[in-house]
Structure formats: C-alpha cells, structure tokens
Amino acid sequence: MPVALEPNVLSKYEPVIGLEVHVQLLTATKAFCGCANHFGSAPNTNICPVCLGLPGALPVLNAKAVEFATLAALAINCEVRERSIFARKNYFYPDLPKGYQISQFDKPIAEHGFIEVPTPHGLKRIGITRLHMEEDAGKSLHDGFADSATRTYLDLNRCGTPLVEIVSEPDIRTPDEAFEYLTRLKEILLYTEVSDCNMEEGSLRCDANVSVRLKGAEKFGTKVEVKNVNSFRFVRAAIEYEIERQIEVIESGGRVMQESRLWNAGEGRTYSMRSKEQAHDYRYFPEPDLPPLIVSAEFLAEAKSKLPELPEARRARMIAEYELAPKDAATLTSSREFADRFEAAARTARNPRRVANLLLSEVGGRLNALGLEQEQSPVSMAGIVLAADLLDEGKISSKQLKQLLDVCFEKREDFPAVYEREKPEQITDASALEALIDEVIAANPRQVEQYRAGKKTMAGFFVGQVMRASKGQASPALLNELVTKKLDG
Ligand code: ADP
Ligand code: ZN
Ligand code: MG
C-alpha cells in the first residue's frame, strides 16, 4: 500500500504506459455464425453449434465485421494488411466452451497506426502497434441468483461476438495522457460508427500496462498489467496507483514483479491476480477452419470512401468556418450526430456563426444552469435557426430574444411556437424612435461631442441607451439607421 511519497522521489521516475483496448463491433450477427449480436437478450438464447464450438461446426467469417475492423483501422491511421491470418488462442475457462478463441497473432489485419492526443505541451502522437480481429468469450454470472453464494451461472450469448483489439505502443507517459488517449480513441470509434463503445455493457474494455524507470534510463522497467478497468476515470486512477506502488517497491529496495493485477474501485487500489509464472501459454496456431483473410484493394478503397470526417479534422474545420473557440468546437463535435444536426441547421441560416453562438451561449447557458443535457433542450436546432435569422434581420432585439428563450425554458416549448404566440412588439415607427433618440442625445452631450470628434464607435453607446429606454422593443435595424442619421445630422 503506497504511503505518500515525497514529490522529489516521485519526480526521479518516469512512468511508461501502454493500453490494450477491446472493442465490440456493432454488427447484426456474430463474427463466425448467424446468431444475433445483441446485448441484453435472455441468457443462452443467441447461440448455435458454431459459437458453442460443438464438434464439426465450421466458422464462416462475417464480412461486416471485416468492414468495421478496416474502418476502425483506417480511422486510427493503421496500414491494413492485404493478407492476414486467424489463429487459435487456446485456454481453458468456463465461459469459453470451445477451449480457444479465434484471434489473430503474428499477422493481424492492421498495424503501425497512431492517434494524436492533447497534452499540456500540445498534441502528442501515440503509436498504435496493431489492431487485430477476434471473437469474445461468454460471461460468468457470479451474482444475482438466489444461490449465487455457492454457484456461478454461464451466459454464452457473448461467445463469438466480433471484437477488435487495439494495442498502443508504450508511448504514454502520464495517467492524464492515458485518459486523453482513451477519450480520443472512443470518440473516433463512435464517429466511424463501428461500436457503441458502451463501457457499462462491456462494448469497450481496457487493460493498462504500467512500468516505471529512472528518468534518463534507456531500458523500460518491468511492466504490470491492470485488467478490465471499467471506466476511463478508473483507468487513470489505477495507473496513478500503480505508478506510486511500483516506485515504492523500488525505493524500498525491491523489484517489481511482472504480473496481472485487478483494480478494486471500492478500495482505490490494485490487487495481484496472477504472476507471469502462472501466466497462460496460449499455444497460438493458425486457425485450420478459416482461410487467410484477403482485404482487396477494392474493399479497402470502399472502406476509405465510407470513412467520415474524423473529430480532430472536423474541429479544425469548424473552428475556421464558424470562428469558434477551441473549447466551443469541442462541445459542438462531442458527438458526430450532434455536429451533423448543428451543421445541417446552421447551413440553412443567414448567418451560421450566429447559430453556433446562440446554441452555445444562450441555449447552452440555460441548459447548464438547469443541469440539462443537449437532448433535453426545449429549443430545437430549427428553433435556433429561426431565432438567429430574426436577430439577423433585425426583427427582434437581443433583449427580446433572451426573453423569448426564457419563456421557451419555462414552458418547455420550442422557439417557433413561443415566437408566434408572443410576437414581441417592435417599435418600427420612426417618429416614436426619433423622440427617444432626441432625449438620449440631449442627456449625453459629452458622448455626442466625442462622436462628432470622430469616435464613431460611440454610436453603439446611443443605440444601447435608446434600446434600453424602449425596453428592448426598438427595431434594431431602424434604430441603427436613425441613430447615425441624428448624430451625423
Ligand atoms: P505482452 O507480451 O505481455 O502481451 P506486449 O509487448 O505485447 O506485451 O505489450 C502489451 C502492451 O503493453 C502494449 O500496449 C505495450 O505498449 C505495453 N508495454 C510493453 N512493454 C511495456 C513496459 N515496459 N511498460 C509499460 N507498458 C508496456
Ligand atoms: Zn452462433
Ligand atoms: Mg502481447
């Protein structure tokens, strides 16, 4: 159990981290049979002789799984191998009736990729060693039954679910970098729509490999693998814990053992699971029931054409196109679906930048204040476009817009309905406005002088004052025109 280590002790060491991520692919059927690939079915209902590994049953590769694996590989900048080989990974476990998993070993479908993650020193490239295809095992159910104290049940529905495993290079140096890597990877996978990446349902699972070495040392230290941590925040916490534990072992004269450890979230620590001496020898050998997987040039070109604009590129483009702050671009691109809805709407507006602005500040601000998610917003994208256009055409003032949005949130109604009903009054009568302008001009001789001396930006001051005097009801377009005329005249 690590005691608090002195910062000057911690800072002598450099952590080295590599992540292995398992991702379930969103195919309709399993990797090598026609069973439904579906989470939440009654136990042992989506099974057949192939995924149970009954003698004589033969696997047939699901083309959709290959397409998804290829898309994922391209999205993380991997080279896709033309000819890859399936292999049997042999081990005994109750949730694995076949006695082996079909996986890929020395010739995976893709290698040599990278993703870029933000760090305090700018974007950093984390290498991806490989992406390979494999099938999932079933699930042992240890809890939830009357006799769970003495029995474990098996649900084999998950047997044969198509997975990709994405293995990073040991390029990660801090728990935060690991967190960012996972966040970016998940975002990319969601954009490519190959997985729902739902960690609670186990569609995305992560093992963290951690070692430490003295700063400046050439060789890596002995690594420990922390298995199956079920949230990104726990991955970060588990890595933080491991770094300190290993430094403490070394500082007290010991040696870090190569082993697998399990994260215990309740206690905030890792536990030894099995040491390398007890580790599996999987006795990989080429799967005799499947031919080599050939990814043709046509297939690859087709996959490339299906690749969407990826989050990082999309953020950069949207920052330029809508003049967004990076933080706002990150919000707008947090999901592909949200970014798509925003852009489809914004492009119909007179001024797309204004749509971004209203969405983020006026609507976003109100959502934040109420602790609501974007999906719970009473104001639709179309509503925001209407609001932006009305503002742009000077048909409502920004004060009136704020009042209308307040009503939308109070009554949970969309903007077009509220606008139609309330049709806020606008003073479009020039003589009424001129009277107000005259009053404001008379009350502010110093500002008039400044304006006439050449400080043209002073016009904004008068517009603001008159708008306030009109209780926000002055037609902004007319007001602007009249103020300049009066001041110049
Ligand atoms: P193994 O043979 O135990 O599976 P690999 O070399 O295949 O180990 O690496 C598995 C994962 O561990 C990869 O993500 C890799 O980047 C990471 N890794 C390898 N060596 C180290 C190390 N010394 N410290 C931290 N991570 C490491
Ligand atoms: Zn099956
Ligand atoms: Mg390995």
Side-chain angles (χ1 to χ4, degrees), residues 13-22 27-38 41 44-54 57-62 65 76 89 91 97-98 102-106 108 111-115 126-132 134-138 155-162 165-175 177-178 181-182 185 205-214 217-227 235 238-239 242-243 246-247 250 255-261 273-282 284:
Y13 291 88
E14 177 183 57
V16 172
I17 302 152
L19 298 175
E20 295 168 289
V21 175
H22 285 90
T27 53
T29 56
K30 293 186 180 180
F32 304 109
C33 65
C35 291
N37 173 24
H38 182 252
S41 300
N44 302 309
T45 53
N46 301 329
I47 50 176
C48 75
V50 174
C51 52
L52 294 181
L54 301 189
L58 290 172
V60 177
L61 179 58
N62 181 343
I76 54 175
K89 176 179 180 179
Y91 63 95
K98 281 208 302 223
I102 302 180
S103 181
Q104 295 186 310
F105 184 50
D106 54 349
E111 290 174 296
H112 310 309
F114 66 88
I115 61 178
I126 309 286
I128 308 256
T129 315
R130 57 192 268 142
L131 175 150
H132 68 252
E134 60 182 27
E135 60 177 337
D136 214 339
D155 177 6
L156 300 178
N157 282 345
R158 208 176 64 181
C159 285
T161 293
E165 178 174 345
I166 298 168
V167 182
S168 89
E169 290 287 306
D171 288 348
I172 299 166
R173 290 291 173 271
T174 68
E177 278 178 26
Y181 170 88
L182 291 170
L185 179 61
R205 308 194 286 272
C206 177
D207 303 333
N209 298 273
V210 185
S211 67
V212 299
R213 61 179 170 186
L214 280 172
E218 232 166 81
K219 273 181 57 185
F220 287 150
T222 304
K223 80 172 153 67
V224 162
E225 183 185 35
V226 187
K227 305 282 285 182
V235 173
I239 293 171
E242 255 320 292
I243 291 169
Q246 292 179 18
I247 292 176
I250 297 168
R255 273 179 49 213
V256 173
M257 297 254 292
Q258 179 159 351
E259 62 179 353
S260 293
R261 296 176 74 90
M273 193 169 104
R274 57 169 183 248
S275 69
K276 199 68 184 179
E277 291 84 85
Q278 302 160 270
H280 301 295
D281 176 356
Y282 294 117
Y284 281 97

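When a ligand or atom number is given, it counts from 1 through the structure's own listing order.
- Near Glu169, the atoms of ligand 1 lying under 4.0 angstrom from a non-hydrogen atom of the residue are 16 (O).
- Interface atoms of ligand 1 facing Pro170, defined by a heavy-atom separation under 4.0 Å, are 16 (O), 27 (C).
- Asp171 places a side-chain N or O within 3.5 Å of a backbone atom of Gly127 that can act as its donor or acceptor partner.
- Here is the list of ligand 1 atoms found below 4.0 Å of a heavy atom in Val16: 24 (N), 25 (C).
- Looking only at distances, no side-chain donor or acceptor of Arg173 sits under 3.5 Å from a matching main-chain atom of Glu14.
- Remark: ligand 1 atoms within the under-4.0 Å shell around heavy atoms of Val167 are 13 (C), 14 (O).
- Under the 3.5 Å distance criterion, the side-chain polar atoms of Asp155 are matched with a main-chain donor or acceptor of Asn44.
- Selection from Arg213, Lys223, Glu165 by nearest heavy atom to atom 9 (O) of ligand 1 gives Lys223.
- Between the side chain of Thr161 and the main chain of Asn37, no donor-acceptor pair closer than 3.5 Å is present.
- Atom numbering of ligand 1 starts at 1 in the shown order; those under 4.0 Å from a heavy atom of Ser168 are 13 (C), 14 (O), 15 (C), 16 (O).
- If you look at Glu20 next to ligand 1, the close heavy atoms, those under 4.0 Å, all belong to the side chain.
- Side chain of Arg130 to backbone of Phe105: a donor-acceptor contact under 3.5 angstrom is found.
- A perpendicular orientation is assigned to the rings of Tyr282 and Tyr91, their planes being inclined by more than 60° (bins at 30° and 60°).
- Residues passing the salt bridge (charged side-chain N to carboxylate O under 4.0 Å, His left out) test with Asp207 are Lys227, sequence neighbours excluded.
- Close approach to Gly221 involves these atoms of ligand 1, each under 4.0 Å from a residue heavy atom: 23 (N).
- With sequence neighbours excluded, the residues satisfying side-chain hydrogen bond (donor to acceptor under 3.5 Å, both in side chains) with Glu134 are His22, Ser103, His132.
- In this structure, Lys30 contributes its side chain and Asn62 its backbone to no donor-acceptor pair below 3.5 Å.
- Pro108 and Glu111 get closest at one heavy-atom pair: CG-CG, 3.8 Å.
- Shown here are the side-chain hydrogen bond (donor to acceptor under 3.5 Å, both in side chains) partners of Ser41, two or more places apart in sequence or in another chain: His38, Asn46.
- Around the Zn ion (ligand 2), protein N, O or S atoms at less than 2.8 Å comprise Cys33 SG, Cys35 SG, Cys48 SG, Cys51 SG.
- By the criterion of a heavy-atom distance under 4.0 Å, neither the backbone nor the side chain of Thr222 is placed next to ligand 1.
- Atom numbering of ligand 1 starts at 1 in the shown order; those under 4.0 Å from a heavy atom of Phe220 are 23 (N).
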